[in-house]
Amino acid sequence: MKHCFYNETLGFFYNNSRKELSPHWRPKDVLVVALGLAVSAVVLLTNLLVIAAVATNRRFHYPIYYLLANLAAADLFAGVAYMFLMFHTGPRTAQLSLKTWFIRQSLLDTSLTASVVNLLAIAVERHRTVLTMQLHSEMSAQRVVGLIFSIWAAALLLGLIPSYGWHCLCSLESCSRMAPLYSRSYLTFWAVSNLAVFLVMVVVYGHIFVYVRRRMARMARHTGAHPRHRDTVMALVKTVTIVLGAFVVCWTPGQVLLLLDGLGCQSCDVLAVEKYVLLLAEINSLINAIVYSWRDNEMRSTFRRILGFPCQRRAKYAAPEPGLGSHYGNFTVDSSI
């Protein structure tokens with residue numbers, strides 16, 4: 001029968017994993033907290049603005065924008081979770097109970113997982129819309145609600161699993177170095193899952209880009225080049241590049257670090273950069289709002305109205321409706337794809 005250490009202090013597990021618990025504030029702790037609180041504040045304000053825009057503008061009452069609002073809600077939750085972490089880190093960590101530590105980590109895991117799964121859902125929705133040449137997805141309100149519910153259910157499941165059994169309180173030899181109460185097998189599972197989601201996103205967006213580019217080439221041969229076609233392709237290239245580039249830059253370092261820790265790499269100094277890669281992952285919650293919302297002309301106009309700024313005239317080739325469809329025989333794609 002295994003012996004469990006439910007009554008031990010947090011310091012006991014940190015000592016077991018050889019992770020330092022500093023009794024005083026060090027310069028790097030102050031730097032991480034200052035940057036973390038600043039990023040969290042911007043994430044909260046930016047994603048609140050996205051949610052307000054979708055709620056107040058009737059032109060956004062379509063499945064893709066509901067998913068964008070849900071992504072903003074997930075990133076908003078990520079901002080709250082990261083802010084909670086900033087108030088319970090550094091020298092304050094040693095004062096936490098095991099329960100509070102699990103809550104701190106579960107908030108992060110749940111929010112970040114919800115954000116990633118939302119990104120995947122948006123990619124799949126855009127893929128279906130592009131291939132069927134529709135202005136908006138034909139998903140019913142019930143299906144959208146069901147999809148959003150499934151996203152949060154999956155995020156909660158992955159976020160709460162460690163608290164309810166997938167930990168190392170009864171198996172000290174399996175404890176992680178980065179998260180001393182988590183089992184290394186859980187970190188491996190979580191990292192591989194997120195990397196798999198990233199791979200699927202690459203395939204989905206890659207297929208979108210190839211499909212649209214080929215279709216534009218065929219239409220150009222039959223109808224002649226039109227500035228709208230060229231602008232559409234360029235906007236798509238830029239957006240896909242930003243989406244995939246931001247995801248790679250913000251998420252890959254953290255996932256690789258978790259994977260190395262989960263696999264028990266003894267020569268890898270995972271503790272030296274763990275807080276910085278987590279901050280980098282949090283920054284993705286800010287980039288999401290910019291990529292999926294600010295590149296949409298109608299969304300930008302709504303932001304200006306909410307903030308009280310005068311609306312500017314639309315761009316020369318801006319489509320009357322955001323989305324994908326057929327407009328006077330010309331195939332159009334929203335730049336927020």
Side-chain angles (χ1 to χ4, degrees), residues 43-79 111 114-155 204-205 208 212 232 235-236 239 243 285-315 317-328 330-337:
V43 167
L44 293 177
L45 293 175
T46 305
N47 286 285
L48 276 173
L49 189 59
V50 173
I51 295 172
V54 174
T56 58
N57 192 332
R58 292 180 60 86
R59 296 184 70 180
F60 296 146
H61 293 180
Y62 293 96
I64 180 58
Y65 289 105
Y66 293 146
L67 291 176
L68 285 173
N70 192 51
L71 173 63
D75 291 335
L76 183 71
F77 185 29
S111 60
S115 181
V116 172
V117 178
N118 263 287
L119 289 171
L120 177 61
I122 291 172
V124 173
E125 194 278 345
R126 289 289 83 186
H127 183 266
R128 291 184 57 188
T129 305
V130 168
L131 265 62
T132 56
M133 295 182 61
Q134 295 175 342
L135 182 64
H136 292 292
S137 172
E138 294 181 349
M139 280 194 298
S140 64
Q142 292 80 4
R143 291 187 64 184
V144 174
V145 171
L147 178 58
I148 291 174
F149 176 82
S150 299
I151 289 171
W152 284 103
V204 170
Y205 274 111
I208 290 174
V212 172
T232 297
L236 181 59
T239 303
V243 169
S285 296
L286 172 61
I287 296 176
N288 288 340
I290 297 173
V291 174
Y292 288 100
S293 301
W294 289 74
R295 286 180 60 80
D296 186 299
N297 293 328
E298 182 68 21
M299 186 71 78
R300 289 199 304 271
S301 298
T302 305
F303 287 163
R304 287 192 287 267
R305 287 196 296 270
I306 292 175
L307 297 173
F309 297 154
C311 294
Q312 299 176 359
R313 192 174 64 171
R314 288 171 180 259
Y317 298 114
E321 277 282 346
L324 173 71
S326 178
H327 183 63
Y328 298 114
N330 293 328
F331 181 74
T332 62
V333 182
D334 178 31
S335 62
S336 66
I337 198 167

What's the verdict on side-chain contact (heavy atoms from CB on, under 4.5 Å) for Tyr65 and Arg59, showing C-alpha distance, side-chain angles and the deciding distance?
-> CA-CA 9 Å; Tyr65 289 105; Arg59 296 184 70 180; over 6 Å; no

Given Ile208 and Val204, is the side-chain contact (heavy atoms from CB on, under 4.5 Å) satisfied, shown in steps?
-> CA-CA 6 Å; Ile208 290 174; Val204 170; 4.2 Å; yes

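The side chain to side chain contact (heavy atoms under 4.5 Å, CB included) test applied to Leu120 returns Val124, Val197, Val200, Met201, not counting sequence neighbours. For Thr56, the side chain to side chain contact (heavy atoms under 4.5 Å, CB included) partners two or more places apart in sequence, or in a different chain, are Thr302, Ile306.
The heavy-atom pair separating Ala53 from Met299 by the smallest distance is CB-SD, 3.5 Å.
We find the CD-CG distance between Glu125 and Leu67 to be 6.0 Å, quoted to the nearest 0.5 Å. Summarising the geometry, atom CG belonging to Leu45 is positioned 9.0 Å from atom CG belonging to Leu49; distances are rounded to the nearest 0.5 Å.
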For residues 141-151, tabulate all N or O donor-acceptor pairs below 3.5 Å that involve a side-chain atom, not counting sequence neighbours.
from   : atom 1 : to     : atom 2 : distance (Å)
Ser150 : OG     : Gly146 : O      : 2.9

Please tabulate, for side-chain N and O atoms in residues 68-76, each donor-acceptor pair with protein atoms closer than 3.5 Å (sequence neighbours left out).
from  : atom 1 : to     : atom 2 : distance (Å)
Asn70 : OD1    : Trp152 : NE1    : 2.8
Asn70 : ND2    : Asn118 : OD1    : 2.9
Asp75 : OD1    : Ser115 : OG     : 2.6
Asp75 : OD1    : Ser285 : OG     : 3.2
Asp75 : OD2    : Asn288 : ND2    : 3.2

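Among residues at least two apart or in separate chains, there is no side chain to side chain donor-acceptor pair (under 3.5 Å) pair with a member in residues 44-53.
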